[in-house]
Undergrad: 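For reference, the structure I am asking about is given below.
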Protein chains: 2
Amino acid sequence: MSTLTPDETILGLIAIQTSHGYELIEAFRDVSALGEIWKMSTSQIYAVLKRLERQGLITGRIEESETAPNRTEYCLTATGKRRLDDWLYDPQPSASIRRVRVEFLSRLYIARQLNIPTIPIVLRQRATCETERDRLRDLLEHQPPGMGYLAHELVLAQLEAVLRWIARCELVPKDIEDIT
Amino acid sequence: MSTLTPDETILGLIAIQTSHGYELIEAFRDVSALGEIWKMSTSQIYAVLKRLERQGLITGRIEESETAPNRTEYCLTATGKRRLDDWLYDPQPSASIRRVRVEFLSRLYIARQLNIPTIPIVLRQRATCETERDRLRDLLEHQPPGMGYLAHELVLAQLEAVLRWIARCELVPKDIEDIT
DNA sequence: ATGCCCCTATTCTATCATGGAATAGGTAAA
DNA sequence: TTTACCTATTCCATGATAGAATAGGGGCAT
């Protein structure tokens with residue numbers, strides 16, 4: 001899995017409450033929710049919903065309405081619940097900078113909304129970032145100067161910034177809990 | 001332009017020396033060149049070449065060979081040269097973290113190979129990152145806590161890391177020149 | 001009332017990106 | 001001799017993505 005998909009995050013939102021596409025779109029627009037984290041187009045959300053349903057992670061049923069267009073309400077299947085848990089409790093979350101920003105924050109948001117403790121998520125994220133930082137430090141010691149060196153230096157600097165940022169999150173866990 | 005395309009970088013490589021697809025693939029594989037910066041598949045390079053030719057930025061001519069498969073050598077057109085210059089001298093390079101890592105380093109690499117002074121490129125990149133940093137600082141002062149706040153805090157921390165890294169690049173400009 | 005735009009809710013379409021395999025002849029090692 | 005890799009490119013199927021299309025209802029200003 002190398003691309004950054006909103007699949008699990010959407011799974012999480014549906015776990016919080018069964019939703020139809022338009023509701024999810026609004027969650028991704030809402031700046032106090034996921035608005036600053038993901039930028040997603042309308043059709044992408046419906047595409048993800050189709051995929052999740054095809055994979056048997058969610059099921060939809062059509063809600064008829066006379067005053068408004070019909071909508072399809074989706075809720076998690078047992079498989080979907082398991083997939084979501086696997087994601088939330090992933091013991092080795094990616095240390096990629098983008099993924100930390102997007103996936104880790106999404107995990108935090110979803111976990112909070114589901115009343116799942118966020119501290120373990122933070123600790124695991126810190127652990128993988130520390131491992132990756134150490135790996136990069138080693139790598140830099142043996143790498144000859146050049147573009148690759150500069151690139152790795154930058155990634156290392158960013159990982160260190162991530163770790164300082166995570167440390168601040170840890171110091172004030174209450175704040176994380178109180179967010180949202 | 002929101003996606004991160006290798007188009008201009010490939011334009012740059014062709015400006016350094018006329019090349020065919022396979023040669024470019026090797027430049028992107030070579031760790032001492034762009035290997036650590038871009039990850040690209042074979043077919044993507046040929047797709048980019050097709051696009052650049054369709055846009056009139058490069059022209060290809062087939063080199064026949066009996067000992068090896070035919071190849072198509074590409075070289076820049078006048079328009080292509082102008083497009084490359086616009087990119088190299090872009091007065092407002094993106095301050096997005098990914099783009100700094102990928103685009104800025106590519107600019108640096110191409111400029112060096114073309115014997116164009118790299119210092120102005122570095123200074124312009126620093127300037128836009130500083131502007132963006134200031135914007136984020138302002139934004140954070142007025143933003144209520146929440147996921148958006150955390151997200152912006154992280155981006156700010158990463159921008160600051162980028163700026164420290166750029167400062168190191170500036171302090172030892174000779175090193176940048178000597179790289180590659 | 002009339003026209004117009006916005007809101008809800010979703011689908012459609014066309015283009016682009018992507019990875020992976022297919023092709024195909026040559027060469028070097030085992 | 002088989003195996004496997006190097007050069008060089010194309011093909012294909014799937015997937016992502018943006019943007020428009022659809023469609024009925026409500027509000028607001030002229």
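Labels below follow one simple rule: chain letters A, B, ... track the order of the sequence lines, proteins then strands, and each chain is numbered from 1. Predicted, not measured: the structure shown is a model, and the values here were computed from it. Computed over heavy atoms, backbone and side chain alike; hydrogens, waters and symmetry mates excluded.
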Undergrad: Quick one: does Q125(B)'s side chain have a donor or acceptor within less than 3.5 Å of a partner on S94(B)'s backbone?
TA: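 Indeed, once roles are kept as given, a pair shorter than 3.5 Å links the two residues.
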
Undergrad: Mapping S41(B) and E23(A) to their closest nucleotides on DNA chain C, which lands nearer the 5' end?
TA: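 Counting from the 5' end, the first nearest nucleotide belongs to E23(A).
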
Undergrad: Before giving the answer on salt bridge (charged side-chain N to carboxylate O under 4.0 Å, His left out), spell out for D86(B) and R82(B) the whole-Å C-alpha distance, their side-chain angles and the decisive distance to 0.1 Å.
TA: CA-CA 6 Å; D86(B) 286 352; R82(B) 242 176 291 130; over 6 Å; no

Undergrad: To the nearest Å, how far apart are E26(A) CD and dC6(C) P?
TA: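 Computing the E26(A):CD to dC6(C):P distance gives 16 Å.
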
Undergrad: When you measure from the side-chain N and O atoms of Q44(A) to the phosphate of dA16(D), is any distance below 4.0 Å, counting only OP1 and OP2?
TA: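 Checking Q44(A) against dA16(D): no side-chain N or O falls below 4.0 Å of OP1 or OP2.
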
Undergrad: Rounded to whole Å, please give me the gap between CZ in R54(A) and P in dA16(D).
TA: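 After rounding, the reported distance stands at 9 Å.
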
Undergrad: Test for a donor-acceptor pair under 3.5 Å between the base of dG19(D) and the side chain of T42(A), counting only N and O atoms.
TA: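 Under the 3.5 Å cut-off, the side chain and the base do not form any donor-acceptor pair.
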
Undergrad: Is a donor-acceptor pair below 3.5 Å formed from side chain S43(B) to base dG20(C), judging by atom type as modelled?
TA: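 A donor-acceptor contact between them is present.
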
Undergrad: In whole Å, I'd like the distance from the CD1 atom of I45(B) to the P atom of dC11(D).
TA: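 Rounded to whole Å, this separation is 18 Å.
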
Undergrad: Do we see a donor-acceptor contact under 3.5 Å between the side chains of H152(B) and Q143(B)?
TA: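 Result is yes, a qualifying pair exists.
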
Undergrad: Give the rounded distance in Å between these two atoms: OH of Y22(B) and C1' of dA24(C).
TA: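 These atoms are roughly 14 Å apart.
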
Undergrad: Measure CG/L49(A) against P/dT10(C) and give the value in whole Å, please.
TA: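 Taking CG of L49(A) and P of dT10(C), I get 9 Å after rounding.
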
Undergrad: I'd like to know if R107(A) and E103(A) make a salt bridge, using a cut-off of under 4.0 Å between side-chain N and carboxylate O.
TA: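 Answer for the salt bridge query: yes.
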
Undergrad: Atom CG of L4(A) and atom P of dT18(C): how far apart are they, to the nearest Å?
TA: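 The answer, rounded to whole Å, is 14 Å.
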
Undergrad: Judged by atom type as modelled, is there a donor-acceptor pair below 3.5 Å linking the side chain of T128(B) to the main-chain atoms of P93(B)?
TA: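 Answer holds: yes.
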
Undergrad: Closest nucleotide of DNA chain C for K39(B) versus for H20(A): which of these residues is on the 5' side?
TA: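 Going by which nucleotide is closer to the 5' end, it is H20(A).
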
Undergrad: Roughly, in whole Å, what's the span from CG in D7(B) to P in dC16(C)?
TA: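 In whole Å, dC16(C) P lies 12 Å from D7(B) CG.
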
Undergrad: Identify whether any heavy atom of K50(A) sits under 4.0 Å from a base atom; if not, whether one sits that close to sugar-phosphate; answer base, sugar-phosphate or nothing.
TA: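 The answer is sugar-phosphate, as K50(A) gets under 4.0 Å only of primed atoms, P, OP1 or OP2.
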
Undergrad: To the nearest Å, give me how far apart OH (Y46(B)) and C1' (dA21(C)) are.
TA: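 To the nearest whole Å, that distance equals 15 Å.
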
